[in-house]
Amino acid sequence: MSEPCTPPILRQNARPIPMSTERKTLDQRAQMSDIERLRHSCAHIMATAILRLWPDAQFAYGPPIENGFYYDFQMQHRITPDDFEKIEAEMKKISKENQKFEWKGISREEAKAMAESGRLGGLSERPGNPSIFKLDLIDKIPEGEQISCFQNGDFIDLCAGPHVGYSGKCKHVKLTSVSASFYMGDETKASLQRVYGTAFESKEELEAHFVRLEEAKKRDHRKLGKELKLFHIDEDVGQGLILWTPNGAILRQELQNFISEELRKQGYSQVFTPHIGKLALYKTSGHFPYYKDSQFAAIVENDDLAKVIHEGCGCGEVMARLGGISAKLRQQLNDRAGKEVVSEENVLPDDQLLDGFMLKPMNCPHHIKIFDSQPRSYRELPVRLAEFGTVYRWEQSGELNGLTRVRGFTQDDAHLFCTEDQVAAEVLGCLSLVKIVLNTLGMTDYRVRVGLRDPDSSKFTGNPEQWDKAEDACRAAAATLGVPFTEEPGEAAFYGPKIDFVIKDVIGREWQLGTVQVDYVLPVRFDLSYIGSDNKSHRPVMIHRAPFGSMERFCGVLIEHFAGHFPTWLAPEQVRILTISEKVDTFADEIFAQLKAAGLRVTLNQDADKIGAKIRNAQLDKVPYMLVLGEKEAAAGGVSVRHAKRGDLGVRSIAEFLADVTAEVRERKM
RNA sequence: GCUGUUGUAGCUCAGUGGUAGAGCACGUCCUUGGUAAGGACGAGGUCGAGGGUUCAAAUCCCUCCAACAGCUCCA
């Protein structure tokens, strides 16, 4: 199969943005903000300090980044965090020396000579130790462009700047981490050491930065997940495989109920499909073998496996047989596409093909088969098939992260099959669902990205008229949403435009959730059709949508968004009754029974602890409502209400409390 | 996957060559206390796994496993 027919639709999150290969012009680079300028200078000062300590260091590049700066370099000594103190002390000295940053324009020949001698990116000439990376970087500078360098103290670096005037400005600096990187981000090139640091103009800002980091750490969903017993990841089960514990299951279930309710309102039909499907299904869809590397290996049935082993097949042979495609399927796919999408080299004779199953990496093929299980009339379109569908993908181990990057996850998935004229309305429907859900959760800070085709690129298939229509639909839908959106040409999937949701959490971090994608390709590959009003067969358009990406990821973001303080309707434990003494046990039992009968998730703490300890525990467990019951309440027949965030709310009647809380839950108040 | 760091009780961590510790949580008992920690006693660990060095390894070395950070923001 030569052409990837369907990209990994609705991947959990975006791949890292590939490094742009375009060079910035000198003018563009000069447009650094003040803080970037400061941090860039800090990178030079760090390089100076490292050279004083380890003169053999070869520097590559050291830019300012979002929260600080780094410099990549190569040397004998391996930096560890233990070295930071030493380097920082040296940097402090350099700052005190108040070295002037001086710009110098030099010729290509001068630059090369300085690099050859080891002077560029060094404190002095270093015979026998030429500045290899700088030499390479000089070669990358286009002919005719001004080559410039900056000098502070003895350190001269190839650098377009800009810089602060004097090193004295760089006082409030802290090194944060060390890691490895590849030269030019290319893993075939040299492996470098990278030291990260951050810098601010004042001590207060530097400290505030670390306070923010602490805040982020406190609300880390992995930490809260453990503390609040929401989920567990077990080595024996496997990396990236989530075990939802009872508390987390409640959170997820409530969220699913909410989304399902909205889907029903919008005319979706719920379906269920199995977790595996035959290989041929994914050969038809195009997911196999193109995404083989990011999928779990095929599952081969015992008898088939015994047979090929009996025939003496080695591993490579088995893989080849699994990956082959029948001549008939190839013919079908090529005919449907009207061009060669599967080349002949992938074909194996039928008696050599080895069939197997795959853990599904996406739900679309299954939903397509449901759509195609009966003749469809234009009268029943759009068909909207929704499923909280669990899929499995082989993410690299280093990519795994808590709930936000996992190997098995459940998408809030749906596939819409509609006529071309319906695309606009359906895309709009998808967006409004997202809006409702995010607003209900108080996540009002989000933006959408509309991925359009690049008209100059040939990678986008299909006819231009369809594209224009679909793009207009996406653009118009995004515009009516009333949230900021950006149009990004070239960012479309090759088979159709898409809309991505990026939400910003309370502390300003952005999270990419799901996408809505218009697809003209899969209906062709699966030869889908419906009968139009003209009594002729037509090709439906498919829309893939998983607006929240996956339940795992979304719950992870929610945990951090709320810092574990969920609104009552989502809270695993909504009310905890705290007794002051044994004297009110009977009264507490009665209240407990009443709340339970009202459908609240309530627990009763009759431990021998003092009330202060019980309150503390309930606060730590982030239970929204605490009912303090003592003799006073028993006598009055009321309850003392304490809210985890609002504190003591005083004595209320049980009826009043019940009415308020059940309404709060029913209306999903924040 | 690559680079680095880390892995000791359910949790947070101390312990750097001489056969394992604290706090919290847990269990039992005492205490019946009014809005963020009452007290006593007790139980709990083949120190991530495997191998090696050593008279002796949680500690040093190697391999593996896992977690965390980075590997993208371009002299």
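Order of the sequence lines fixes the chain letters, A, B, ..., with proteins taken first and strands second; residue numbering starts at 1 for each chain. Keep in mind that what you see is a predicted model, and the values were worked out from it rather than measured.
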With both distances under 3.5 Å as the test, what is the Watson-Crick or G-U wobble partner of U3(B)?
A69(B)

Hey, does the side chain of Tyr70(A) come within less than 4.0 Å of C73(B)'s phosphate (OP1/OP2), counting only N and O?
yes

G18(B) and A22(B), which share atom name C1', separated by this distance in whole Å:
22 Å

For a quick check of understanding: with a heavy-atom distance under 4.0 Å over all strands, which category does Ile611(A) fall into, base, sugar-phosphate or nothing?
sugar-phosphate

A43(B) and A25(B), which share atom name C1', separated by this distance in whole Å:
13 Å

If pairing means Watson-Crick or G-U wobble with both distances under 3.5 Å, then the partner of C64(B) is G48(B)

Taking the same atom, C1', in G21(B) and in U8(B), what whole-Å distance lies between them?
10 Å

Would you please say whether a donor-acceptor pair under 3.5 Å links the side chains of Thr603(A) and Glu573(A)?
yes

Rounded distance in Å - CZ (Arg405(A)) to C1' (C71(B))
13 Å

Residue matched to C26(B) through Watson-Crick or wobble contacts both under 3.5 angstrom:
G42(B)

Select one nucleotide: of A69(B), A67(B), C73(B), the one nearest the side-chain heavy atoms of Arg222(A).
A69(B)

Partners meeting salt bridge (Lys or Arg N to Asp or Glu O under 4.0 Å) with Arg616(A) (sequence neighbours left out)
none

Pairing nucleotide - U32(B), Watson-Crick or G-U, each distance under 3.5 Å:
none

Give the minimum heavy-atom separation between Glu560(A) and Arg219(A), together with the two atoms involved.
O-NH1, 2.7 Å

Options C73(B), U31(B), U32(B), nucleotide nearest the side-chain atoms of Arg194(A)
C73(B)

When every non-hydrogen atom of Glu399(A) is compared with those of Arg405(A), the smallest separation belongs to O-CG, 2.9 Å

Counting any heavy atom closer than 4.0 Å, what does Ala608(A) reach on the DNA or RNA strands: base, sugar-phosphate only, or nothing?
base

Base, sugar-phosphate or nothing for Gly398(A)? Non-hydrogen atoms, less than 4.0 Å.
base

Have Arg553(A) and Gln512(A) got a donor and an acceptor in their side chains that come within less than 3.5 Å?
no

Each nucleotide N or O in nucleotides 23-29 of chain B that has a protein N or O under 3.5 Å away: list the pair and distance.
none

Nearest-Å distance for atom pair CG/C1', residues Asp72(A) and C71(B)
9 Å

Integer angstrom distance from the C1' of C73(B) to that of G23(B)
43 Å

Give the nucleotide from the list U35(B), U32(B), A75(B) with an atom nearest to the side chain of Glu582(A).
U32(B)

OP1 or OP2 of U12(B) under 4.0 Å from side-chain N/O of Lys226(A):
yes

Atom CG of Leu158(A) and atom P of C74(B): how far apart are they, to the nearest Å?
15 Å

Starting at CD1 of Ile233(A) and ending at C1' of C65(B), how long is that distance when rounded to a whole Å?
16 Å

Donor on one side chain, acceptor on other, Ser640(A) and Asp648(A), under 3.5 Å
no

Whole-Å gap separating C1' (A75(B)) and CH2 (Trp103(A)):
14 Å

Please work out if Glu633(A) contacts a base, only the sugar-phosphate, or nothing of the nucleic acid, heavy-atom cut-off 4.0 Å.
base

So which one's nearest nucleotide on RNA chain B is more toward 5', Lys583(A) or His44(A)?
Lys583(A)

Side-chain donor-acceptor distances from residues 235-244 of chain A under 3.5 Å, at least two apart:
none

Indicate whether any N or O donor in one side chain lies under 3.5 Å from an N or O acceptor in the other, for Thr404(A) and Asn401(A).
yes

Of the candidates A36(B), A66(B), A75(B), the side chain of Tyr61(A) sits closest to A75(B)

On a whole-Å scale, what distance lies between the C1' atoms belonging to G7(B) and A49(B)?
12 Å

Compute the ring centroids of Tyr71(A) and Phe59(A), then answer whether they are less than 6.0 Å apart.
yes

Whole Å only: how far is the CG atom of Leu629(A) from the P atom of G34(B)?
15 Å

With C1' as the reference atom in both, quote the distance from G52(B) to U59(B) in angstrom, rounded to an integer.
15 Å

Can you check the Ile615(A) CD1 to A37(B) P distance for me, whole Å?
9 Å

Does a side-chain N or O of Arg616(A) approach OP1 or OP2 of U35(B) to a distance below 4.0 Å, or not?
no

The side chain of Glu631(A) is closest to which nucleotide in this list: C71(B), G34(B), A69(B)?
G34(B)

From the options C71(B), G38(B), A75(B), select the nucleotide whose nearest atom is closest to the side chain of Lys610(A).
G38(B)

Just to be sure I understand the rule, does Glu235(A) reach a base, reach only the sugar-phosphate, or reach nothing, if contact means heavy atoms closer than 4.0 Å?
sugar-phosphate

For Gln619(A) and for Lys614(A), locate the closest nucleotide of RNA chain B by heavy-atom distance; then report the residue assigned to the nucleotide nearer the 5' terminus.
Lys614(A)

Measuring centre to centre across the rings, with the benzene-like ring taken for any Trp, is Tyr625(A) within less than 6.0 Å of Phe657(A)?
yes

Regarding the side chain of Ser581(A), the nearest nucleotide among C73(B), U32(B), C65(B) is U32(B)

Classify Tyr71(A) by what it touches in the nucleic acid, base, sugar-phosphate, or nothing, heavy-atom distance under 4.0 Å.
sugar-phosphate

C55(B) pairs with, by Watson-Crick or G-U criteria that keep both distances under 3.5 Å:
G18(B)

Could you check whether Gln574(A) and Thr568(A), counting side-chain N and O atoms only, form a donor-acceptor pair closer than 3.5 Å?
no

Check every strand shown and say whether Ser640(A) touches a base, only sugar-phosphate, or nothing at a heavy-atom separation below 4.0 Å.
base

Between G34(B) (C1') and Asp648(A) (CG): distance, integer Å:
10 Å

Indicate, with a heavy-atom threshold strictly under 4.0 Å, whether Tyr196(A) touches base, sugar-phosphate, or nothing.
sugar-phosphate

Gap in Å between the two P atoms, one belonging to A9(B) and one to G15(B), rounded
15 Å

Mind checking the C1' distance from A20(B) to G44(B)? Whole angstroms is fine.
13 Å

In the structure shown, which nucleotide is the Watson-Crick or G-U wobble counterpart of A37(B), with both distances under 3.5 Å?
none

